[in-house]
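Single-structure report; data block below.
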Amino acid sequence: SDARLAASVQCPVHQRAHACARSSSTSERAGRSSSRGAAAQALGSGSACTAVAARVTVSPSAASNMSSRLASSVCCRSRHASTDACVGQGRAAPTRAQRIELAIVTADAHRELARYAEAMAALEHAWALCDHDEASAWAPRIFNEMGMIRDDTHDLEGARELFTRSAALQRAQGGDLHPQLAHPLGNLGRVYFELGDYARAEVQFEEAFRVREATAPNTPGAITALMNLGLVVGDGRSLDILRDADLRAVALLGEWNVLTAEVAENLAGTLLGLDRLDEAEQQFARALEIRRRLVGSSHPIVARLEGALAAVRDRGGDYAGAEAGYHTALAILAQHPEVASGLEVARTHRDLGLALDHLERYDEAAAEAELAVTLAREILGDAPRLAEFYTPLAQIALHRGRWDECIAACRMVRSLGPDTPLREGLAYFNEARARWRRDGAPSRPEVLRLLAATESAWSDREEIGVAANLAVLAEFRRELEP
């Protein structure tokens, strides 16, 4: 039955956990809280840099929450906020460099609160303070931060252009081994990763790691660069590289650290992609315990890990356990609508729909899948990445016996230009099965054409999921025989 085939033909879920970490030149990852604290103080106090404050304001309650959440200590940047222009108090006005610095740090803090318009306004102000001069030493940093906002708002092409511009300017100003060059190179690699261009991503990550190793080898930035490289190498080195990153993170920062959690999470995601489920579950559980100790049990990051553990259960056939995990993740995300990623919420509904589909609760599964499509379309528009949400919708429609709905969803996937060959093949294969179920023998020529297109899309047997899906296709071909 089609219901029994679902596990074999569904798209891999959470192949990689957190995916590639980004790099902000505002501060190193392990020390970001202090620069956030400076920004929070600047946003909360009515001080200094009034030009920035006029452009990017945060409510007092938000500033207070940001301070308590993000700042365990305050670095020297916080003093920029108190460099008041009040001549009557005998203090000098802030220098242009201080105003630019404060604008960048303020933008970074706004971005952490998903206040993207305010963040971009602060960076535009910083760019204006540089007189829009690409020769300015600040230009590469500003464009890198702008690129991170474009990435956060799913404008991957815009992010790619900004990171490329940042890297070119940084290289022109400081050469191929300038320490700051690693930031835009790593972020550019991440964008290529999200676009599915793993070959280009590997090139960028390799270069970013080379810069880190040459300029700051025993640092969180070097570990992050190594972790990112481990996610994209295609020659079997992935696990060894990620385990090396794990050992380095624990040695440098200890077990109970954000970066250690990120490495464990990505190691788990890679193990899941290799179907090493027990090891994947151990690493996800480890990352979850670290995150809970650092930020509590109701943080959006914890929700992501609850969803990842649910995906492991789903892959292992524990569909009831997966359902419970996805509900837990959604409950946590619902507590943080102001910072929770809308795309993450959509993906969790999608994955919950697939778990319910396995439990043969098809109407509930369809409702979750339809909600996921609606939420994702609000964010992605008609980008090819929307295909990952229509694919489960097609499969669930097939299992419900809704042949026309399945065919419509499959055609939507193909019209979007699916982002992976696996999804392209699934669109042809599910339409073939729906047509055969609906029309029977008269549809055989068209069904065979669709199966040939499926096999063409699945020509790379090394891609995760393809070999198992081809076995299902062979079984379906036998069903077509007179």
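Note that the structure is a prediction, hence the values are computed from the model and not measured. For the single chain, residues carry numbers from 1 onward in sequence order.
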Are any non-hydrogen side-chain atoms of [X] and [Y] less than 4.5 angstrom apart?
{"X": "Phe389", "Y": "Leu343", "answer": "yes"}
{"X": "Ser136", "Y": "Asp131", "answer": "no"}
{"X": "Ile301", "Y": "Arg304", "answer": "yes"}
{"X": "Val232", "Y": "Tyr192", "answer": "no"}
{"X": "His183", "Y": "Arg141", "answer": "no"}
{"X": "Gln395", "Y": "Leu426", "answer": "yes"}
{"X": "Pro421", "Y": "Asp460", "answer": "no"}
{"X": "Leu195", "Y": "Val191", "answer": "yes"}

Heavy-atom closest contact ([X] atom, [Y] atom, distance):
{"X": "Val413", "Y": "Ala387", "result": "CG1-CB, 4.0 Å"}
{"X": "Ala329", "Y": "Glu306", "result": "CB-CB, 4.2 Å"}
{"X": "Ile332", "Y": "Ser297", "result": "CD1-O, 3.6 Å"}
{"X": "Glu323", "Y": "Ala355", "result": "N-CB, 4.3 Å"}
{"X": "Arg96", "Y": "Leu129", "result": "NH1-O, 3.0 Å"}
{"X": "Gly147", "Y": "Ala159", "result": "O-CB, 3.5 Å"}

**Request:** Decide side chain to side chain contact (heavy atoms under 4.5 Å, CB included) for Val466 and Leu422; before the verdict, give the C-alpha distance in whole Å, the side-chain angles of both, and the deciding distance to 0.1 Å.
**Result:** CA-CA 7 Å; Val466 166; Leu422 182 62; 4.2 Å; yes
**Asked** Going by an N to O cut-off under 4.0 Å, is there a salt bridge joining Glu161 and Arg150?
**Response** no
**Message:** Whether Arg171 and Glu207 form a salt bridge (side-chain N of Lys/Arg under 4.0 Å from carboxylate O of Asp/Glu) is what I want to check.
**Reply:** yes
Atom [atom1] of [X] and atom [atom2] of [Y]: how far apart are they, to the nearest 0.5 Å?
{"X": "Glu101", "Y": "Thr106", "atom1": "CD", "atom2": "OG1", "answer": "9.5 Å"}
{"X": "Ile149", "Y": "Leu162", "atom1": "CD1", "atom2": "CG", "answer": "9.5 Å"}
{"X": "Arg276", "Y": "Leu239", "atom1": "CZ", "atom2": "CG", "answer": "5.5 Å"}
{"X": "Leu416", "Y": "Glu388", "atom1": "CG", "atom2": "CD", "answer": "11.0 Å"}
{"X": "Trp256", "Y": "Arg292", "atom1": "CH2", "atom2": "CZ", "answer": "11.5 Å"}
{"X": "Phe284", "Y": "Leu272", "atom1": "CZ", "atom2": "CG", "answer": "5.5 Å"}

**Message:** Under a 3.5 Å distance rule, please check whether Ser238 uses its side chain to pair with a backbone N or O of Leu231 as donor and acceptor.
**Reply:** no
**Message:** When you measure from the side chain of His349 to the backbone of Leu330, do you find a donor-acceptor pair of N or O atoms at a distance under 3.5 Å?
**Reply:** no
**Message:** So that I know where these two stand, are Tyr198 and Phe193 an aromatic pair - ring centroids less than 6.0 Å apart?
**Reply:** yes
Identify each donor-acceptor pair in which a side-chain atom of residues 241-252 lies under 3.5 Å from a protein atom, sequence neighbours left out, and give them as a table.
unit_1 : atom_1 : unit_2 : atom_2 : d
Arg243 : NH2    : Glu279 : OE1    : 3.3
Asp244 : OD1    : Arg248 : NE     : 3.4
Asp246 : OD1    : Arg286 : NH1    : 3.3
Asp246 : OD1    : Arg286 : NH2    : 2.9
Asp246 : OD2    : Arg286 : NH1    : 3.0
Arg248 : NH1    : Glu213 : OE1    : 3.3

**Request:** Indicate whether any N or O donor in one side chain lies under 3.5 Å from an N or O acceptor in the other, for Arg377 and Tyr390.
**Result:** yes
**Prompt:** Using the ring of each side chain (for Trp, its six-membered ring), is His358 parallel, tilted or perpendicular to Tyr319, with breaks at 30° and 60°?
**Reply:** parallel
**Request:** Evaluate salt bridge (Lys or Arg N to Asp or Glu O under 4.0 Å) for Glu194 paired with Arg190, printing each intermediate quantity in order.
**Result:** CA-CA 6 Å; Glu194 291 183 359; Arg190 185 181 189 276; 2.4 Å; yes
**Request:** Decide yes or no on side chain to side chain contact (heavy atoms under 4.5 Å, CB included) for Asp314 and Asp351, but give the supporting numbers first.
**Result:** CA-CA 9 Å; Asp314 194 323; Asp351 296 347; 5.9 Å; no
**Request:** Show your reasoning for whether side chain to side chain contact (heavy atoms under 4.5 Å, CB included) applies to Glu134 and Trp127.
**Result:** CA-CA 9 Å; Glu134 291 195 351; Trp127 185 223; 4.0 Å; yes
**Request:** Could you give me the CA-CA distance, side-chain angles and deciding distance for Arg385 and Leu156, then say whether side chain to side chain contact (heavy atoms under 4.5 Å, CB included) is met?
**Result:** CA-CA 11 Å; Arg385 295 169 70 194; Leu156 295 182; 3.7 Å; yes
**Asked** Run the salt bridge (Lys or Arg N to Asp or Glu O under 4.0 Å) check on Arg111 and Asp151 step by step: do they pass?
**Response** CA-CA 11 Å; Arg111 189 177 62 77; Asp151 189 8; over 6 Å; no
